[in-house]
Amino acid sequence: MLYNAYEIQRSMLAGASALANFSAGLLQNPANPFAYFGGGPVLASALEVFAHAAAPRGKPEFGLDHTEINGKRVEVVEEIVLEKPFGNLKRFVRKGVKPGAPKLLIVAPMSGHFATLLRGTVERMLSFADVYITDWHDAKLVPMHAGRFDLDDYIDYVIEFLETIGEGTHVLAVCQPSVPVYAAAAVMSADKNPCRPATLTMMGGPIDTREAPTAVNTLATERPFSWFEQNVIATVPMTYPGAGRRVYPGFLQLAGFMSMNLGNHMISHWEMFKHLVQGDGESADATMSFYDEYRSVCDMTAEFYLQTIDVVFQSHALPTGEMMHRGKRVDPGAITDIGLLAVEGEKDDISGLGQTKAALKLATNLPDGMKQYHMAKGVGHYGIFNGSKWRTRIAPVLEKWMMTHGG
C-alpha cells in the first residue's frame, strides 16, 4: 500500500508540475504584458519553484566529457567494464593519455541516491587518476530472477570489481560503503589476494557509530529491528521491472534526510524564489542543479537495508569483532599492508567525528606509518566529497596519500 500510495501522489504531482511549468512560461513570455509589471514576475517565479520541486526525476547522467591535464583539454568517455545485476563497474576513460596513472576505484554509497551524487568527486580526481566507480542500480528496476542482494553480496561485488581492475588499485569509499569496503579489504588481506587495495580512503563513514552519535544513528537505534521490518519495507508495484521485490524505497530515505534539515531546505527554496524574481537565473540554476541530484533517489533491497541497520547501527559488528562474511569472521587485524586514510568533516551531521577514525584503531597489525587521519575544519558531510573545500583542501591530501603508498 505504501508504494502504491506514493505512486498515486507522484503521478498527481507530475501533472501539477507540468501545469505549473506551462503557466510560468506563459507569464514569462515577452508578448505577455503581465511579464513586466504587477504580480506577473512574482507569480511566475513561485510557479517555477513549485514545478521544479514537484517534477518527477530519473537517474541523472554524469555528463563528464572532458578533463584538464597539464593545461590541456582531454576527452573523457564513460565505459562499462563489468556488468552485474545490481550494479556495474564504470570507468572514465581519458582519451590519448598514456597509461601509468594511479588506478582509483570510487565506491559510491548505496543509500538512496545514485552514484552521480559523486559527480564532483569524480570530476576532481579525473585529472590525477584513472577513475572507476561503482554504478549501483535502482532495486525496483532489477527483476526478481536476479536474486537477492545483501551486505555479503556488496562485499563480493567490491572484491570482484577490484579483481577486474587489477593489482595496485586505490579505493575511495564515501560514507556508507566504508564498512563493507573495509570488510572487503580485510577479507582480501586474509586471503592474500594480490588485488587487495594499495590504499583505502574512507570519508565520513560509519565504521563505529557509537562515537559521536548523530540524528541518523539515533533513528537507527531508538527503535527495535522489527520496527524497520514492519514499517519501512515495501513491495515494488507491477509497473516496474522489479515487481514483487521487497525494498526500502528511496523516497523514504529522501523524506528522512529532508526532515532532518527542513529549515535549511525551505530557506534554499526561498532564496531560489528570490533569485528568480530578481532575474538572477545563474544563482537559481545552482540551487536547482543541487536539488535535481539530491532528489533523484533509488530503492535498496530490503535484505541489504535491514542487514545494514543490524550490522552497522545496532550491533556495531565491525568494531566489536563480530562481523561475518559468508560464515567467516571479518578480521581487521588481517590488514597489514594497505594504506588507510580516514577523512572526517568537522561539521558532519551524518557521520559524527570519530566514527571513521575508528577504522585506524581496528587495524591492529598495520604499521602506524600506513595510517593517517585528516579532519577537515568547517566542512559538513557533503562538503567532504563535493564543492570547493573538497577540491582544494581534501583531494590534495588523498592524492598525496596515493602517491606515498603505491603511486
Side-chain angles (χ1 to χ4, degrees), residues 59-83 87-109 113-136 158 161-162 164-175 177 181 197-204 282 285-286 288-290 292-294 296 339 341 343 345 374 376 379 382-407:
K59 182 179 179 180
E61 299 290 335
F62 276 99
L64 300 174
D65 58 4
H66 73 278
T67 188
E68 190 172 293
I69 302 176
N70 297 325
K72 295 182 179 180
R73 182 186 172 99
V74 175
E75 181 186 0
V76 174
V77 177
E78 294 181 22
E79 175 185 276
I80 296 177
V81 179
L82 180 64
E83 293 187 64
N88 298 334
L89 175 61
K90 178 171 287 189
R91 181 187 183 191
F92 296 87
V93 181
R94 305 178 301 173
K95 292 290 187 178
V97 177
K98 294 181 180 179
K103 295 178 292 185
L104 174 64
L105 171 61
I106 299 176
V107 184
H113 285 96
F114 294 99
T116 49
L117 190 67
L118 304 186
R119 183 185 293 103
T121 317
V122 175
E123 185 176 24
R124 173 59 179 81
M125 297 307 297
L126 272 175
S127 62
F128 174 78
D130 183 5
V131 180
Y132 298 75
I133 196 168
T134 57
D135 191 16
W136 303 115
V158 171
F161 288 163
L162 282 168
T164 300
I165 299 171
E167 298 181 28
T169 302
H170 303 266
V171 179
L172 171 59
V174 180
C175 190
V181 174
T199 67
L200 168 56
T201 298
M202 295 154 286
M203 303 174 69
E282 185 174 342
D285 286 345
M288 287 182 177
S289 296
F290 170 78
D292 279 339
E293 192 70 57
Y294 190 71
S296 297
L341 171 61
V343 179
H374 179 75
V379 177
Y382 292 98
I384 299 174
F385 55 88
N386 260 320
S388 61
K389 293 176 182 177
W390 146 251
R391 293 192 298 269
T392 61
R393 290 166 44 187
I394 300 173
V397 175
L398 170 59
E399 292 173 347
K400 183 178 179 181
W401 187 248
M402 292 168 60
M403 293 302 294
T404 303
H405 300 277

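Values reported hereafter were calculated over all heavy atoms of this structure, with side chains retained and with hydrogens, waters and symmetry mates removed.
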Just how far is it from atom CE of M125 to atom CE of M402, taken to the nearest 0.5 Å? 5.0 Å
Determine all donor-acceptor pairs shorter than 3.5 Å in which one atom belongs to a side chain in residues 67-82; sequence neighbours excluded.
| from | atom 1 | to | atom 2 | distance (Å) |
| --- | --- | --- | --- | --- |
| R73 | NH1 | H66 | NE2 | 3.4 |
| R73 | NH2 | H66 | ND1 | 3.4 |
| E78 | OE1 | K90 | NZ | 3.0 |

Drop me the distance from L126's CG to R94's CZ, to the nearest 0.5 angstrom. 7.0 Å
Mark yes or no for whether T169, through its side chain, and I165, through its backbone, hold a donor-acceptor pair below 3.5 Å. no
Sequence neighbours left out, what passes ring-ring contact (aromatic ring centres under 6.0 Å, His included) with F161? Give chain and number order. Y157
What do the steps show when you test F92 against I133 for side chain to side chain contact (heavy atoms under 4.5 Å, CB included), and what is the final call? CA-CA 8 Å; F92 296 87; I133 196 168; 3.7 Å; yes
Salt bridge between R119 and E61, side-chain N to carboxylate O under 4.0 Å? no
Which atom of A376 lies closest to which atom of I394, heavy atoms considered: CB-CD1, 3.8 Å
Out of curiosity, L172 CG to L200 CG, how far, rounded to the nearest 0.5 Å? 8.5 Å
Look only at the side chain of R91 and the backbone of Y132, and say whether a donor-acceptor pair between them is shorter than 3.5 Å. no
Are any non-hydrogen side-chain atoms of W390 and V379 less than 4.5 angstrom apart? no
Check whether any side-chain heavy atom of V343 lies under 4.5 Å from a side-chain heavy atom of V397, and answer yes or no. no
Might you point out which heavy atoms bring P102 and F128 nearest each other, and give the distance in Å? CD-O, 3.6 Å
Any donor and acceptor pair, going by atom type alone, linking the side chain of K103 with main-chain N or O of E167 inside 3.5 Å? yes
Which pair of non-hydrogen atoms, one from A115 and one from D135, has the smallest distance, and what is that distance? CB-OD1, 3.9 Å
Pair T201-V171, side chain to side chain contact (heavy atoms under 4.5 Å, CB included): steps then yes or no: CA-CA 6 Å; T201 298; V171 179; over 6 Å; no
CD1 on I106 to CE on M203, rounded to 0.5 Å: 9.5 Å
Quick one: CG on D130 to NE2 on H170, what's the gap to the nearest 0.5 Å? 11.0 Å
Side chains of L105 and L162: does their closest heavy-atom pair fall under 4.5 Å? yes
Decide yes or no for P177 and T134: does some side-chain heavy atom of the first lie under 4.5 Å from some side-chain heavy atom of the second? no
Taken in chain and number order and not counting sequence neighbours, the residues that satisfy ring-ring contact (aromatic ring centres under 6.0 Å, His included) with W401 are H405
OG-CZ distance between S388 and R393, expressed to the nearest 0.5 angstrom: 8.5 Å
